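Right, one structure below, let's go through it.
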2 protein chains.
Amino acid sequence: MRKYCDYISVDCVIFGFEIDRLNVLLVDRTLRGEGESDIEFADHTLTGNHIYETETVGDAANRVLYDLTGLTGIYLEQFKTFAHPDRLKKENDRKWLLHDGRDPDKRIVSIGYFALLATQDVTIEWKGRNVKWVPYHEIGELAFDHNEILENALIALRNKAKHEPIGFELLPEKFTLSQLQKVYEIILDTEFDKRNFRKKVARMKYLIPLDEKQTGVAHKPARLYMFSREVYEKTKKDLFDFWV
Amino acid sequence: MRKYCDYISVDCVIFGFEIDRLNVLLVDRTLRGEGESDIEFADHTLTGNHIYETETVGDAANRVLYDLTGLTGIYLEQFKTFAHPDRLKKENDRKWLLHDGRDPDKRIVSIGYFALLATQDVTIEWKGRNVKWVPYHEIGELAFDHNEILENALIALRNKAKHEPIGFELLPEKFTLSQLQKVYEIILDTEFDKRNFRKKVARMKYLIPLDEKQTGVAHKPARLYMFSREVYEKTKKDLFDFWV
DNA sequence: GCAAAAGTGTTCGGAGTACACCCATGT
DNA sequence: ACATGGGTGTACTCCGAACACTTTTGC
């Protein structure tokens, strides 16, 4: 049995994209009282876990992701660390930790990661708790400091998306240009002109057009594209677009 | 007496700029043996410290900076966290920690910050150890995982400098355009054409030309400029230069 | 045939790039 | 007078922004 390091944890903000929404994977947190149907409170947390004593934090984040989705090789990036002395001290948080046999006064560092994947079926139970996709804009008050972590994750995602081609990570392997445009519109909270957007992406050699089209749609079927990381790594120019 | 939290620390990569060099502030680490003149090893560390039990990590980083420089309001940014299980396990590191009365087997999370300031006089002693500026390219093997932290700090600085106006933070309040150009050339490891560079910065409203010139230089004295953060915040357009 | 999204071209202004010479000062 | 870095303009190309209509499919 591997031992946990009880003062280091990772929290993963798992983003998923679907049609025209950005989703986040949340876990139910329900604290029951004495009676079976006696619920003291119910809310949600981000996904996360303590790290094992001999494990790196990156491995811990990948482990959390794998346990939830069964997927490996997911886009995952460390974006910020949270260690405020009061981050676990709200009343419900203390109760939850106590109930869970943990020390609510222990100061825990949490290293924040965000992950990107296409919204799809994931394990719906995780350590006996329910897991579900929730649209970003419908997320209410979360446990601990998870609202703060979530906000920072979105900011990090935005900044990254502005300068590096990671929108693809939120789409299935094959996608249409309209889906790609939508991803960027949602992430960056803006709108693009369709013709200008297509002119722009047409210059990107690492966006490979396929000889394949959508099927089963009630309109002209769109061409499918793939992202090629190899071509990207080879052709990317280190642009000094440089501060402006 | 405030108590330290013995498993959370901050490491600060303090960058300074001078003429045409990027410097980093390092602290001597000399472990003496039994005899007075018996030196077991001598190398360098980044600046850093454990955090106090009730302190935020940002406050701890600012405290380290203040202790070293006497300055407040310095540009400071959290860039990455280091928590590899073996990060303190090199032989010399173990000896040093033992000598210092600390437990070399305790896993310590270190939250990395980088700071930017104009190279200038700083406290030359800190907790009984010597402190000095060292040009980035002359830095050899450092203690612990500090080479890794340093590398990551430079990468973070570069990425930030490409998209946000932080080059100013490495210069005195009033500076010339040639100094500014040099800062960016050093950070980004490239060269710019003087005329094009000036055309570019001329568009930036937050770069304020002063009615003041250099004095005491053996050539045509250059005009001085200031950076206005207020103007920047007001006029910056959130550019979606967007991945390319 | 109609609803729905796919796909396509032109014009204009602004920014990046390449490139060479005169100017003001201290010594 | 000379060495040193300061300061300036033009031509060309490419990119971003604005803007409207035809095409292909499922129903």
Side-chain angles (χ1 to χ4, degrees), chain A residues 18-21 161-163 165 171-172 174-186 188 190-205 207-226 235-244, chain B residues 18-21 162-163 165 171-172 174-186 188 190-226 235-244:
Chain A
E18 186 183 28
I19 319 288
D20 55 359
R21 280 206 316 257
K162 279 188 215 165
H163 310 296
L171 290 170
K174 299 172 184 182
F175 51 85
T176 70
L177 293 186
S178 294
Q179 288 172 328
L180 186 63
Q181 182 176 344
K182 203 74 197 171
V183 164
Y184 277 94
E185 290 180 342
I186 300 285
L188 300 176
T190 186
E191 289 186 9
F192 295 107
D193 175 82
K194 190 169 30 160
R195 282 168 292 185
N196 293 339
F197 184 88
R198 280 159 193 253
K199 232 185 308 171
K200 177 159 184 130
V201 300
R203 286 196 299 274
M204 302 170 187
K205 300 221 174 64
L207 190 60
I208 317 285
L210 302 174
D211 288 329
E212 230 177 306
K213 290 178 190 270
Q214 274 182 317
T215 53
V217 287
H219 54 77
K220 179 171 175 179
R223 182 165 206 167
L224 295 176
Y225 289 76
M226 274 187 62
T235 61
K236 74 173 164 185
K237 38 182 182 295
D238 247 336
L239 31 93
F240 303 125
D241 78 356
F242 155 69
W243 112 70
V244 184
Chain B
E18 187 184 27
I19 319 288
D20 56 359
R21 280 207 314 257
K162 279 188 216 164
H163 311 295
L171 290 170
K174 300 172 182 180
F175 51 85
T176 70
L177 294 186
S178 294
Q179 289 173 326
L180 187 63
Q181 184 176 341
K182 203 75 199 171
V183 164
Y184 277 93
E185 289 181 342
I186 300 285
L188 300 177
T190 186
E191 288 187 12
F192 296 107
D193 175 82
K194 190 168 32 159
R195 281 169 292 187
N196 294 339
F197 183 88
R198 280 158 194 254
K199 231 186 310 172
K200 177 155 184 134
V201 300
R203 286 197 301 274
M204 302 170 185
K205 299 222 173 62
Y206 49 82
L207 190 59
I208 318 284
L210 302 174
D211 288 329
E212 229 178 308
K213 289 176 190 272
Q214 274 183 317
T215 53
V217 285
H219 54 78
K220 180 170 174 180
R223 183 164 206 168
L224 295 175
Y225 289 76
M226 275 186 62
T235 61
K236 75 173 163 184
K237 36 185 183 300
D238 248 336
L239 30 94
F240 303 126
D241 79 357
F242 154 69
W243 112 68
V244 182

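Chain identifiers are assigned alphabetically (A, B, ...) following the order of the sequence lines, protein sequences preceding nucleic acid strands; residue numbering begins at 1 within each chain. Quick caveat, the model's predicted, so the values are computed rather than measured. Computation of the quantities below employed the complete heavy-atom set of this structure, encompassing side-chain atoms and omitting hydrogens, waters and symmetry-equivalent molecules.
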(request) Heavy atoms under 4.0 Å is the rule here; annotate nucleotides 5-11 of chain C 5' to 3' with B where the base is hit, S where only the sugar-phosphate is, and - elsewhere. (result) SBBBBB-
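- Atoms CD (B:E212) and C1' (D:dG6) sit 17 Å apart, rounded to a whole Å.
- Qualifying salt bridge (Lys or Arg N to Asp or Glu O under 4.0 Å) partners for B:K174, counting only residues two or more places apart in sequence or in other chains: B:E212.
- To the nearest 0.5 Å, the span separating OH on B:Y225 from CG on B:L180 amounts to 10.0 Å.
- In this structure, CD of B:E185 is placed 14 Å from P of D:dG5, rounded to the nearest angstrom.
- B:E185 meets the side chain to side chain contact (heavy atoms under 4.5 Å, CB included) test with B:Q181, B:K182, B:E191, B:F192; sequence neighbours excluded.
- The aromatic rings of B:H163 and A:H163 sit parallel to each other, their planes meeting at less than 30°, with 60° as the upper class boundary.
- In this entry the distance linking CZ of B:F192 with P of C:dC19 reads 17 Å, nearest Å.
- The distance from atom CD of B:Q181 to atom P of D:dT8 is 14 Å, rounded to the nearest whole Å.
- When atom types are taken as modelled, the side chain of A:R223 and the backbone of A:L210 share a donor-acceptor pair closer than 3.5 angstrom.
- Here the CD atom belonging to A:Q179 is positioned 6.0 Å from the CG atom belonging to A:L171, to the nearest 0.5 angstrom.
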